[in-house]
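Note that this is a predicted model, so its numbers are computed, not measured. Residue numbers start from 1 in every chain, and the chains themselves are labelled A, B, ... in the order their sequence lines are given, proteins ahead of strands.
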Amino acid sequence: MEKITAIRGFKDILPRDASVFREVESIARQVFTSFGFKEIRVPIIEKTELFKRSIGETTDIVEKEMYTFADRDNENITLRPEATASVIRAYIEHNMSAAEQITKLFTIGPMFRRERPQKGRFRQFNQIDVELFGDDKPQSDAEVIFMLMHFLISAGLNSLQLEINSLGCNSCRPLFSKAIVDFLKGSEKNLCPDCQRRIHTNPLRVFDCKVETCAATIAQAPVILDFLCDNCKDHFGQVKSFLNDLEMPFVINARMVRGLDYYTKTAFEVKTNALGAQNAVAGGGRYNGLVSFLGGPEVPGIGFAVGFERLVACLPEDENNNFKTDLFIAALGAKAQKIAFGLTNRLRVAGISAEMDYADKSLKAQMKRADKLNSSFALIFGDKEIEEKQVLLRNMQTKNQQTVPLDGLLESIIKIIKER
RNA sequence: GUGGGUGUAGCUCAGCUGGUCAGAGUGCCGGGUUGUGGCCCCGGAGGUCGAGGGUUCGAACCCCUUCACUCACCCCA
């Protein structure tokens with residue numbers, strides 16, 4: 001038989017990694033909760049229209065990376081490529097803006113993008129997504145960014161670089177776009193084919209291009225920060241000032257553009273050197289027009305996403321075995337096996353991780369298994385112990401062995417292990 | 001979608017210009033102790049050398065095709 005493998009870009013998270021994931025998740029929940037964010041869980045499939053409208057028709061994500069297919073009734077549905085759109089949809093659908101002025105939400109789960117996989121990039125990947133609705137004060141920007149950094153550091157990351165920028169708003173960004181287009185048109189011949197196309201579709205993206213001639217050309221180009229309107233300029237200034245108050249170091253990357261169209265004003269990215277080419281571990285920004293653009297009220301928002309796999313990839317490898325067993329029961333002979341089977345399962349019910357071997361192997365083999373399972377104790381008994389009505393309890397670290405009466409064995413063991 | 005690299009035991013890999021080339025380490029199982037783990041010693045199981053085709057007396061090795069993995073571009077978390 002030919003074996004069936006997971007599909008390209010989809011990864012199994014093996015037990016070792018799963019426990020790391022769980023740890024990071026629990027740190028995230030704890031940090032976000034302190035900052036007043038509440039968990040929301042949303043579907044991983046939405047109507048295609050939702051992503052087209054929110055992310056932008058001409059973005060790479062929508063143009064070529066979405067898993068979109070027709071449902072049985074021919075409605076187009078899409079595996080979510082990011083979470084913000086879904087969270088906003090839910091925010092609107094449940095009228096959350098009416099219930100409270102400020103709504104702080106986070107969600108954790110898988111996203112799907114049909115890209116060519118490489119280091120730090122998969123077709124199914126997990127994100128921790130945070131959104132804050134209902135406040136457009138620069139403090140919100142600083143709070144969210146500060147929380148993000150605090151979370152990443154708490155999770156164990158170091159040598160992170162926080163980059164921020166302002167992308168302007170509907171009144172000032174068009175002026176900048178026009179200036180860019182004018183500038184690029186003058187030096188069109190120096191640009192790569194992709195960028196020549198981008199001039200017409202999404203001029204800001206040219207800033208991201210790594211082709212040498214493009215980079216050289218764009219180096220002379222005007223930067224958005226010189227075009228910000230008074231409102232945006234003031235907002236950005238205050239964001240920086242509040243970050244300084246929080247002693248949060250950052251660098252300004254005036255050429256940072258994000259791959260999603262909906263961002264306004266503040267945009268930010270967190271980079272690390274531990275990831276190869278995919279060096280962004282988190283990214284986000286403000287999206288003041290998006291909620292209304294998706295059919296909701298005029299509510300400002302800001303949020304970010306953390307790449308779970310990328311975060312975990314930055315963590316130092318933990319070589320030691322974290323899986324532990326409280327007790328291994330080494331039973332010798334049919335009689336002992338029968339008692340051990342009941343004992344093992346009753347201990348489990350009592351919350352003690354217990355294992356035994358059903359194959360009636362030699363004591364040596366069973367002790368090996370106990371060692372392999374990282375067991376704290378081994379319970380040894382065979383015909384001799386049954387006859388003497390007491391069993392041997394061995395502490396695997398200290399090698400001390402004590403006898404425990406067969407009478408009331410279950411309770412005695414629970415007591416010993418829990419008191420340890 | 002485009003380019004480079006790599007596919008040999010569960011894992012990490014060696015295998016020179018085609019001629020004992022089916023190997024090592026590790027892991028697994030067993031034994032050394034008729035009832036005691038880690039260290040040590042000994043033994044064993046496990047691979048149609050990614051798949052298909054071709055060249056040749058002979059292919060893990062050369063050629064073609066294909067698939068997978070991987071890194072990078074694009075883009076993003």
Roughly, in whole Å, what's the span from NZ in Lys119(A) to P in rC69(B)? 17 Å

rA14(B) to rA9(B) separation - C1' atoms, rounded to the nearest Å: 13 Å

Just how far, in rounded Å, is C1' of rG38(B) from CG of Asp371(A)? 5 Å

Taking CE from Met256(A) and P from rA77(B), how many angstroms apart are they, rounded to a whole number? 11 Å

hbond_proxy Gln401(A) side chain to rU36(B) base (donor-acceptor, 3.5 Å cutoff): yes

Using a distance-only criterion (donor-acceptor N/O pair, under 3.5 Å, no hydrogens), is the base of rG32(B) paired with the side chain of Lys364(A)? yes

Using atom C1' of each nucleotide, how far apart are rG15(B) and rG54(B) to the nearest Å? 24 Å

Measure from the ring centre of Phe308(A) to the centre of the six-membered ring in the base of rA77(B), then say whether that distance is under 5.5 Å and the planes meet at under 30°. no

Could you state the CD-C1' distance from Gln118(A) to rA72(B), rounded to the nearest angstrom? 6 Å

Can you find a donor-acceptor pair, distance only, under 3.5 Å between Glu385(A) side chain and rG35(B) base? yes

Tell me: CG of Leu275(A) to P of rC71(B), nearest whole Å? 11 Å

Taking the P atom of each, how far is rG52(B) from rG44(B), in whole Å? 31 Å

Rounded to the Å, how far apart are Phe122(A) CZ and rC69(B) P? 12 Å

Taking the C1' atom of each, how far is rC28(B) from rC73(B), in whole Å? 42 Å

Does Lys399(A) make a side-chain donor-acceptor contact with the base of rG38(B), cut-off 3.5 Å? yes

Expressed as a whole number of angstroms, how long is the span from Ile4(A):CD1 to rA68(B):P? 14 Å

Please tell me if Lys368(A) has a side-chain N or O lying less than 4.0 Å from either OP1 or OP2 of rG27(B). no

Considering only the P atoms, how many Å lie between rG18(B) and rG1(B), rounded to the nearest integer? 36 Å

Please measure how far the P atom in rA51(B) lies from the corresponding atom in rA45(B), and state the result in whole Å. 23 Å

Inter-nucleotide C1' distance (rC57(B), rU2(B)), Å rounded: 43 Å

Less than 3.5 Å between a donor and an acceptor, one on the side chain of Arg369(A) and one on the base of rG37(B), is that the case here? no

Taking only N and O in the side chain of Arg116(A), is any of them less than 4.0 Å away from OP1 or OP2 of rC73(B)? no

